[in-house]
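Below is one structure, written out as structure tokens, with a few remarks after it.
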Amino acid sequence: VTFTDVPANNNLSTWALVNGGVRINLPSNAAGVSNLCFQWRHTIINNSGTYIAYRLDDFSVQGNSPGDLITENFSYTGSKPTFTVPNCVTSLTVEAWGGGGGGFNGSNSGGGKGGGGGGYAKSTITNLAGPYTVVVGQGGGEHSDGKATTFGGSLVVADYGRGGTDVISGGGAGGASNTGNVTTSNGGNGGDGNGTGDGGGGGGGAGGKDGAGKVGADAPDNIGGAGGAGDNGTGGAGGAGGSSNSDGSIGSDNVLGGGGVGGGDNSANGGNGGLPGAGGGGGENGGGSGGNGAIKISYTLPENPTISLSSTSTSTCYSASAQNASIAYTATSGCPDKYSIDFTSGISDVTDASLSASPITIPILAELAAGEYSGILTVKNSSYGFVSSNYTVTVTIIANSTSPTNAVASPSSVCSGVATNITLTASGGTMGTGAVVQWYTGSCGGTLVGTGNPLTISQTFSSATTYYARYSGDCNETSCV
């Protein structure tokens, strides 16, 4: 990773390295990996208003490991990003929190009313498609509803908390129309004002995996109501209600569900809801905003890939031209898309070749000598750089035969009309793998007399007879002598 200079133009969004480019070497386990985690610590050494200078104190890069549980979190930004299922991931666990409702300013209607907490939904998705649209609901402003949080349209839905209002008695309702195939829970309802205008109700807590958010407390006389805790009490704590004309305390953020906000006392304000999804507190002077929603997506990376070979050995005949050998396979796991073979000698190494349908292809150089060549095969999931264990494979180059140079019949002269034993012997040339000597009469490849060397036959001759011999093996048949 190399940081390089860019022109300094007093733009705070521009990075400029004072001392030039800095090179930071990646660790060995990060080589070839497309998904890396960068971590660093920095110190601000100048913040003059014209520019900000940072000192890089520490920097590290960590590649993912096989079987890691990965979590991706989405907060409210106003955009609608898409989520693409990572390579070889077979299931997703999606948790969603809806945006909390805003608290109501209740100076003229019997006290402020707390906003309702956002609902919660959790689903496990195994029939994966995508890409999926991610919509994180925004918390409602003063006396406004929050927004629902959704994943993949209606696949996972966390309902929004309703804003406090003077139209109904009590605070805003918690989000209750949630969709999830593992669990759902409602947001807590907001608390009511005290009826005199002197105190606002607390905001409802967000729902979570352990249950509904706690309801915001109604405001006692001259005191704001406390906010409800998130996730059935195990999430963020609700903020305390304000007293003596003070604002309500802010609800706590918590990954399990935000806590509702305490209502403000008398002329004070309700605070903002905790993240994610808590309702805002009511107040006589002003209601607090609901907490924004959130989405958390979790999935498990594949293990190191494997391959099931039909055989660990293959063979091919010697050739004066370049050719390919092949090794068949029946199955893989871990989604490998590349293979490499490191040969000890003779055959050129194969590096990160595309792994398509069986078989695996091994290029063989022209005129490679007959013999046995061993190599180490690995397969790789290139999306993560995950590599299999080693598989030893063997390629055998089968020797061809070359034509015999001499053939002898013994005896070479016989009497006509007399049955005689004749011994036929071929020599010269080379007999390749699996080769035998074939004997013919009439022509090379004509009438087969027999196979062997030497070959003894019994025959009665009436005229001169010529015998033809050739070598026939696993790879070729030679010409005759």
Side-chain angles (χ1 to χ4, degrees), residues 1 24-37 60-70 86-90 299-400 432-434 473-476:
V1 177
I24 301 174
N25 293 323
L26 293 176
S28 59
N29 68 332
V33 179
S34 59
N35 296 306
L36 296 174
C37 176
S60 65
V61 183
Q62 179 63 54
N64 291 321
S65 298
D68 277 356
L69 178 64
I70 304 299
N87 172 266
C88 209
V89 168
T90 58
Y299 52 88
T300 300
L301 297 183
E303 299 292 343
N304 279 329
T306 66
I307 188 168
S308 298
L309 301 175
S310 301
S311 174
T312 58
S313 62
T314 187
S315 60
T316 188
C317 296
Y318 170 89
S319 175
S321 303
Q323 59 176 325
N324 290 327
S326 61
I327 293 180
Y329 66 91
T330 57
T332 62
S333 68
C335 304
D337 61 334
K338 302 287 184 181
Y339 71 94
S340 299
I341 308 177
D342 181 14
F343 285 97
T344 55
S345 63
I347 300 177
S348 298
D349 293 341
V350 179
T351 303
D352 282 344
S354 295
L355 181 64
S356 54
S358 178
I360 289 172
T361 300
I362 305 172
I364 305 297
L365 297 174
E367 299 181 339
L368 180 62
E372 187 175 277
Y373 301 88
S374 294
I376 299 298
L377 165 71
T378 55
V379 293
K380 180 170 74 173
N381 181 326
S382 63
S383 293
Y384 308 105
F386 298 167
V387 180
S388 70
S389 57
N390 293 338
Y391 300 85
T392 300
V393 295
T394 302
V395 178
T396 300
I397 304 300
I398 301 173
N400 289 335
T433 304
D474 292 344
C475 287
N476 70 316

Partners of [X] by side chain to side chain donor-acceptor pair (under 3.5 Å), sequence neighbours excluded?
{"X": "Gln323", "result": "Thr316"}
{"X": "Tyr318", "result": "none"}
{"X": "Ser333", "result": "Thr306"}

Rounded to the nearest 0.5 Å, what separates atom [atom1] in [X] from atom [atom2] in [Y]?
{"X": "Ser319", "Y": "Ile364", "atom1": "OG", "atom2": "CD1", "answer": "10.5 Å"}
{"X": "Lys338", "Y": "Asn381", "atom1": "NZ", "atom2": "CG", "answer": "11.0 Å"}
{"X": "Ile347", "Y": "Asp342", "atom1": "CD1", "atom2": "CG", "answer": "11.5 Å"}
{"X": "Leu69", "Y": "Thr300", "atom1": "CG", "atom2": "OG1", "answer": "5.0 Å"}

Of all heavy-atom pairs between [X] and [Y], which one has the smallest distance, and what is that distance?
{"X": "Gly334", "Y": "Cys88", "answer": "C-SG, 3.5 Å"}
{"X": "Asn87", "Y": "Pro302", "answer": "O-CD, 4.3 Å"}
{"X": "Pro336", "Y": "Val379", "answer": "CB-CB, 3.8 Å"}
{"X": "Tyr391", "Y": "Ile307", "answer": "OH-N, 3.2 Å"}
{"X": "Ser382", "Y": "Asp337", "answer": "OG-OD2, 2.6 Å"}
{"X": "Ile398", "Y": "Cys475", "answer": "CG2-SG, 3.4 Å"}

Applying side-chain contact (heavy atoms from CB on, under 4.5 Å), run through Lys380 and Ser388 and close with a yes or a no.
CA-CA 6 Å; Lys380 180 170 74 173; Ser388 70; over 6 Å; no
Indicate yes or no: at least one non-hydrogen side-chain atom of [X] is less than 4.5 angstrom from one of [Y].
{"X": "Ile327", "Y": "Pro359", "answer": "no"}
{"X": "Asn400", "Y": "Cys317", "answer": "yes"}
{"X": "Thr330", "Y": "Ser358", "answer": "no"}

Is it the case that Thr361 and Asn324 place a side-chain donor and acceptor less than 3.5 Å from each other?
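Distance-only check fails for Thr361 and Asn324.
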Option among Asn390, Ile362, Ile360 that satisfies the side chain to side chain contact (heavy atoms under 4.5 Å, CB included) test with Leu377:
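Testing Leu377 for a side chain to side chain contact (heavy atoms under 4.5 Å, CB included) against Asn390, Ile362, Ile360 leaves exactly one candidate, Ile360.
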Full working for side-chain contact (heavy atoms from CB on, under 4.5 Å) between Ile376 and Thr392:
CA-CA 5 Å; Ile376 299 298; Thr392 300; 3.5 Å; yes
Backbone N/O of [Y] and side chain of [X]: donor-acceptor pair under 3.5 Å:
{"X": "Asn304", "Y": "Phe386", "answer": "no"}
{"X": "Thr314", "Y": "Val395", "answer": "no"}
{"X": "Asp68", "Y": "Ile70", "answer": "no"}

